[in-house]
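Let me begin by presenting the structure, written as structure tokens, before commenting on it.
For ligands, and for the atoms within them, numbers begin at 1 and follow the listed sequence.
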Amino acid sequence: MKRLQTLAILACLLLPACSKTSKPLPIEAGVSKQLADYRADNLTDLAYQLQFDIPEKRENAIPGKNTITFNLKSLEQDLQIDFREDSSLIKSVISNGKTSAFLFEEEHVIIPKSELQIGVNKIEIEFIAGNTSLNRNDEFLYTLFVPDRARTAFPCFDQPNLKAKFQLNLSVPSHWKAMANGQLNSKEEKGDRSLYSFAQTKALPTYLFSFVAGEFETITRERNGHQHTMYHRETNPEKLANNTDEIFRLLFESLDWLEDYTDVPYPFAKYDIVVIPSFQYGGMEHTGATLYNASKMFLDKDPTQNRLLGRANLIAHETAHMWFGDLVTMKWFDQVWLKEVFANFLADKITNPSFPDMNHKLKFEMAHYPSSYSIDRTSGANPINQVLPNLKDAGTVYGSIIYHKSPIVMDMLEKITGEEALQKGLQTYLKSFAYGNASWEDLIGILDENTPSNLKEWSKVWVDKAGRAHITTEIITENAEISNLKLRQTDANGNPGDWNQDLNLILGYTDTIVSLPVKFNQDQMLIADAKGLKTPEYIIPNGSGNAYGFFKMDAASKQYLLSNIHNIDDDLLRGIAWINLYENLREGIIGGKEFILAAEQQLSKEKNTLILSRMLSYMRSVYWLHISSEDRQALGKHLEESLWIRLSTEKDMGNKSSLYSTLSNIAETPQLLDQLYKVWNEEITFGGFELSENKKTALACQLAIKMPEKAEELIKTQIERIKNSDRKKKMQFIAPALSADLQVRKAFFESLKKEENRQIERWTLDALRYLNHPLREKEALAYLPQALDLLKEIQVTGDIFFPYNWLSVSYSGHQSKEAGDITRQFLEDRPDYPENLKLKILQTSDLVLRK
Ligand SMILES: [Zn+2]
């Protein structure tokens, strides 16, 4: 980074007209790239000294004070400090010891350049903290400032490449606990208040600054002489007993692994975790104070392999961020994928040894390909590298492409460079840019020096380009032998494709397979090695699991696989075949009914947990969204029976749990509903296992929709049964969305138009999903245009995943052409609609847009 800066300054000295900053910078809402670049070039040695006085009541204001110190290189510009709140919340500003004549415009406190000086400056601001990203609950609050939300809470320079040292003082009610990124220096009791003072942190970007305060319990464990504390609000002693050891084990294992892989010891002062009920994300990697979602950490008894793996992966993911993202940070949020790709890619490597019985290649396939395809199959597909002119839109760059396509692409990169070269390259990258910022280009530059391949060219296709190749096989046979086998690739519009990748073309026969490695680097290719081989029963071009694209099935392969997929002995290949079958369904090559019948037929035969779980998830989605309600009536009863048979004979508790979830999800016959009701009512047990409180709550919700005559009783009783106050509040919030009374449901939807009613996003999403249940598809059509109308506001007020998730649940029960028409009309009426939000709409409405 230093080298680049020197070059930039040199270039400036050589050019007489180099005065790009002499014109006043425009003042615009958000944080424009232009403003961020100017500040990054001119401010150094930044530090914040922050104080917040947090009252017990969530509706009372939080007074704050921020003392900002920094070195300034130039006096050409007034200084814009970001604060996305009402100007009335700024109480006083003192710059360099004198009362400032500051202005407040477009979310900025503007300090006149006349009050600044070259060298050290000190700005002191008293303010009332904005509440947008403080997540204030009755008994606790937590900050969540990613990607650009620090500026909603306090005045700051909210950009990832202006790292600062933070020193924080918090005053909280004395029966609360408080924690933050830094070590606790001192705690002082003053009447009914506690004053916490935290040590100054290492240099951090604003999005990683964090504090949590409230009623929490703590559990502390030690690793290598360092204390690690978990803060939590779980009240069920059994849940705590079942999970705590494992959580710490996973945490310490991740730390060990990462220190070894990166050759960099844990780079911050301490590492605690906070487990938050109904947390918006799986986790958030605040340095030393990482937040986790309670439902993903405290698992029910007999969790599925997938849930266990999900937790291990989550902990490894957030811990990997301490190095990738926290120690070395992207320069701008257009490359936020850079930190996500390493977190995901390394999380897979970290968790593998903990699951020695698992097929890790298959796990990788199941974890990333379906999610990545869920975006890349749509007309709203986005590339991994995206453009971001203003940080206020940073939330929209998040999604499955950066979380799931980028690990796939990183896996390809590792195959090109070799494992050792990649690890060495990453070590150089971390050491070169520690406590600073770096870009993908910086890394590719490091790796390219040690690799014969041209990684920059490779990156253009896989990182800068959206969508996936459509790959078809064309086979000509003669006398039961292949005379000609050709592969062809196009983009989604049928233009010749230029993706360059290694395939493992599988020719499948009843009792054996032949695999042919292919370097697929043209738009069409003759597979010479196939000539003369026996005509196969089926062809799978992506047999190794490394290839990425839509693999369109020829008629013979489709027919064979739909009825004989169990003949494929190899788990990885069978898993890939399932993914291919589903993608062929989504692209219209296979019908919903055919798919359901095939999946049902395979139910009793599938032994692999990962594949079974994937099959069941496909089955639920196809059952509700890819067949008509008449077909559901016709197929449902038999499907219920098949699921029941497998469930009652299944020995593995995890599989049992997946089967139960699918059965209760699709249950529609009065007999099964009646049985499920008795299970919920604790009159009978079901399939040989007990339902946890969470499962009972979920069942009550399902039954309330399917048995409207019992809805009131189910909801009321379930609320009474829930002991934990956080979970009880959630059920109370969701209750109107489950009501049998359409007017109550409509009024509830109406209430979501007010921001304060959408504050707990997890609750909102669950409720919205029930409002849009497939059985309510017709009435829910009325919500769609309104949900779309709200999207712009949702993006401004909600957290990073909320816009996509909001749309995703809004479309979750729809398969009609009407829903497609509403979407088309919405976009047609708004030709100037923001492109990033339009893509989110196209991604989530793909199914109905194809009608
Ligand atoms: Zn992450």
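- Side-chain contact annotation: Asn836 with Thr396, donor-acceptor N/O pair under 3.5 Å present.
- With sequence neighbours excluded, the residues that form a ring pair (Phe, Tyr, Trp, His ring centres under 6.0 Å) with Tyr373 are Tyr369, Tyr548.
- Between Phe298 and His232, the ring-plane angle classifies as perpendicular under the 30° and 60° cut-offs.
- The minimum distance between the Zn ion (ligand 1) and any N, O or S atom of Glu340 involves atom OE1.
- A salt bridge (Lys or Arg N to Asp or Glu O under 4.0 Å) check over residues 261-287, counting only residues at least two apart or in different chains, returns the pairs Asp263-Lys431, Lys270-Asp272, Glu285-Lys339.
- The angle that His317 NE2 and His321 NE2 make at the Zn ion (ligand 1), rounded to 10°, works out to 90°.
- Within the 2.8 Å limit, Glu318 places no N, O or S atom next to the Zn ion (ligand 1).
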